There are 2 protein chains.
Amino acid sequence: MTASRTARERVRAELTREITDIARRQLATEGAGGLSLRAVAREMGMVSSAIYRYFPSRDDLLTALIVDGYNALGEAVEQAGSACPRDDFPGRWLAACHAVREWAVAHPHEYALIYGSPVPGYQAPQDTIAARVRDVAVYGRIISDAWEAGAITPPADHAPEELERDAGSFRELMPGVPDAVIWRAVSAWTALYGWVGFEVFGQFNNVIENHRTAFEHAMRLAADTIGIAQ
Amino acid sequence: MTASRTARERVRAELTREITDIARRQLATEGAGGLSLRAVAREMGMVSSAIYRYFPSRDDLLTALIVDGYNALGEAVEQAGSACPRDDFPGRWLAACHAVREWAVAHPHEYALIYGSPVPGYQAPQDTIAARVRDVAVYGRIISDAWEAGAITPPADHAPEELERDAGSFRELMPGVPDAVIWRAVSAWTALYGWVGFEVFGQFNNVIENHRTAFEHAMRLAADTIGIAQ
DNA sequence: AAAAAACGAGAGCACTGCTCTTGACGGCCA
DNA sequence: TGGCCGTCAAGAGCAGTGCTCTCGTTTTTT
């Protein structure tokens, strides 16, 4: 079966990959709205209708790029997290934060695709949910590791009772962690992506210059909120 | 001069307003990408080229909507902030937070326009910067009021020296407030808009149900970070 | 009343996503 | 080896978009 694949399926896989590569380049320069199937076809020397043999619609091509984006971001965060000693929880936290920020700054349009406003008329298919949690899983692991190791000072407050059910999805990512810490982690999470979004989408233009330093300071404050000893 | 205006300029103002109204409705249903000059013209019973007498390009129409959005959001936050007793700083903070969240949930596409990923190829003109700071000015005033009243516990840490210049823009919004508090406020600010963005853009779908309660809890934690006594 | 400015309508250009049909090529079974 | 079926690129075409230009008409100004 591999023999039969070699001929046709191999060139098909190659072309599919070439399409996504060109599309990703277009995405990086023009943004999601400027992604044009016809332009991709033109750059490949194909006629536009031929692209539809590989991607049934523009949204399908976009979906492929989104999944790639999730995986690329997730991989960057995973690598950063695993580069630190396992018991250096502040270090792992900061490394993961820097990873997502640096990836986002390097790939602003791809970041916009996965964490920005949803592109109009586009509905994320189920294929994406597997890859979309790779980054948050890293944060969850850091926090549950830290809690297990006693490196998180238990907060004085506790979460509102109404939120007991809502914490369910997060408990799976942070097993054993009490709800009060979970909600503090969620809050830090929103601060992280809120900052990155502000920076990538230009809200900090002409306001902040030392982006990295300011970001790290903010993420230290976020770690404080969680209770990670620094 | 008002007499001469009445004839032509009045119908012009009326038509301009009608165009933006229809465009805003289209924006609310289709999103920024689905905003079509031709569709607006069609709905007005005009021919598409006539629209260009009122807005030189699609981007200009979009800019008008963006400015309107900034003003609407800013007004909502201002009203919420002034509805509280002036010395109830946690109350003012929470009210302002709820205001931006509720406005964003009620007008997701408009929120996406002003706080989401920038629409491709669109460059925000200078006209917008006047209206864009109305909401953050409210936060700045709450915090500087609170600091002046001694209602903020001075933080133990201080900000990195490198960030002294970067804090400049924020100092104007929070006169008299020390840098350490400023950066805590910025961090809370990113947590606020990070949360709202997550909720509006669907990252919390199938994850959180009691949005309002969870949001308020997170904003209380943010107030803690700033040091606002609750 | 005459000149000037503003206006709506229409045609047209270049572009988009997408569909359908046509002809050619390549891998499979007899 | 020969036929056959599926896959493929190509082309034409449809409906839609932003935008430009011109042409009469209407309104304002001089």
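Heavy-atom basis, side chains included; hydrogens, waters and symmetry copies ignored. Chain identifiers are assigned alphabetically (A, B, ...) following the order of the sequence lines, protein sequences preceding nucleic acid strands; residue numbering begins at 1 within each chain. These numbers were taken from a predicted model, which means no experiment stands behind them.
Between A:Leu15 and B:Ala39, the residue whose closest nucleotide on DNA chain D is further toward the 5' end is A:Leu15.
Applying the 3.5 Å distance criterion, the base of C:dG8 shares a donor-acceptor pair with the side chain of B:Arg53. Counting distance only, with no hydrogens placed and no angle test, the side-chain atoms of B:Ser49 and the base atoms of C:dG8 include no donor-acceptor pair under 3.5 Å.
B:Met46 places its CE atom 16 Å from the C1' atom of D:dG18, with the value rounded to the nearest Å. The interatomic distance linking B:Gln26 (CD) with D:dG18 (C1') rounds to 14 Å, in whole Å. As rounded to whole Å, 14 Å separates atom C1' of D:dG16 from atom CZ of A:Arg58. As rounded to whole Å, 15 Å separates atom C1' of D:dT26 from atom CZ of B:Arg12. The distance between atom CD of B:Glu18 and atom P of C:dC7, rounded to the nearest whole Å, is 15 Å. Atom CG of A:Leu37 is separated from atom C1' of D:dT17 by 16 Å (rounded to the nearest Å). Atom CD of B:Glu9 and atom C1' of C:dA5 are 12 Å apart (whole Å). Nucleotide D:dT29 holds its C1' atom 11 Å from the CZ atom of B:Arg8, rounded to whole Å.
Between B:Phe201 and B:Tyr111, the ring planes are tilted. Angles from 30° to 60° get that label.
Between D:dC8, C:dG17, D:dC19, one nucleotide has an atom nearer to the side chain of A:Ser36 than all others, and that is C:dG17. Side-chain atoms of A:Arg38 lie closest to C:dC18 of the nucleotides C:dC7, C:dC18, D:dG18. The side chain of A:Tyr52 lies closest to C:dT19 when the candidates are C:dT16, C:dT19, D:dC19. Here the nucleotide nearest the side chain of B:Arg42, chosen from C:dC18, D:dC21, D:dT17, is D:dT17.
Within 4.0 Å of A:Phe55, counting heavy atoms only, lies no atom of the nucleic acid at all. When heavy atoms are screened at a 4.0 angstrom cut-off, A:Leu35 is found touching the sugar-phosphate backbone but no base atom. Among the atoms of the strands shown, only primed sugar atoms or phosphate atoms (P, OP1, OP2) are found under 4.0 Å from some heavy atom of B:Ser57. Residue A:Ile51 is out of contact with every strand shown, counting any heavy-atom pair closer than 4.0 Å.
Distances shorter than 4.0 Å separate some side-chain N or O of B:Tyr54 from OP1 or OP2 on C:dG8.
B:Ala185 approaches B:Ile226 most closely through the heavy-atom pair CA-CG1, 4.1 Å.
In terms of modelled atom types and a separation under 3.5 Å, the side chain of B:Asp166 and the main chain of A:Glu209 share a donor-acceptor contact.
Inspection of the B:Ser57 and B:Asp60 side chains reveals an N or O donor paired with an N or O acceptor under 3.5 Å.
The only member of B:Tyr193, B:Phe215, B:Phe204, B:Tyr115 that meets ring pair (Phe, Tyr, Trp, His ring centres under 6.0 Å) when paired with B:Phe198 is B:Phe204.
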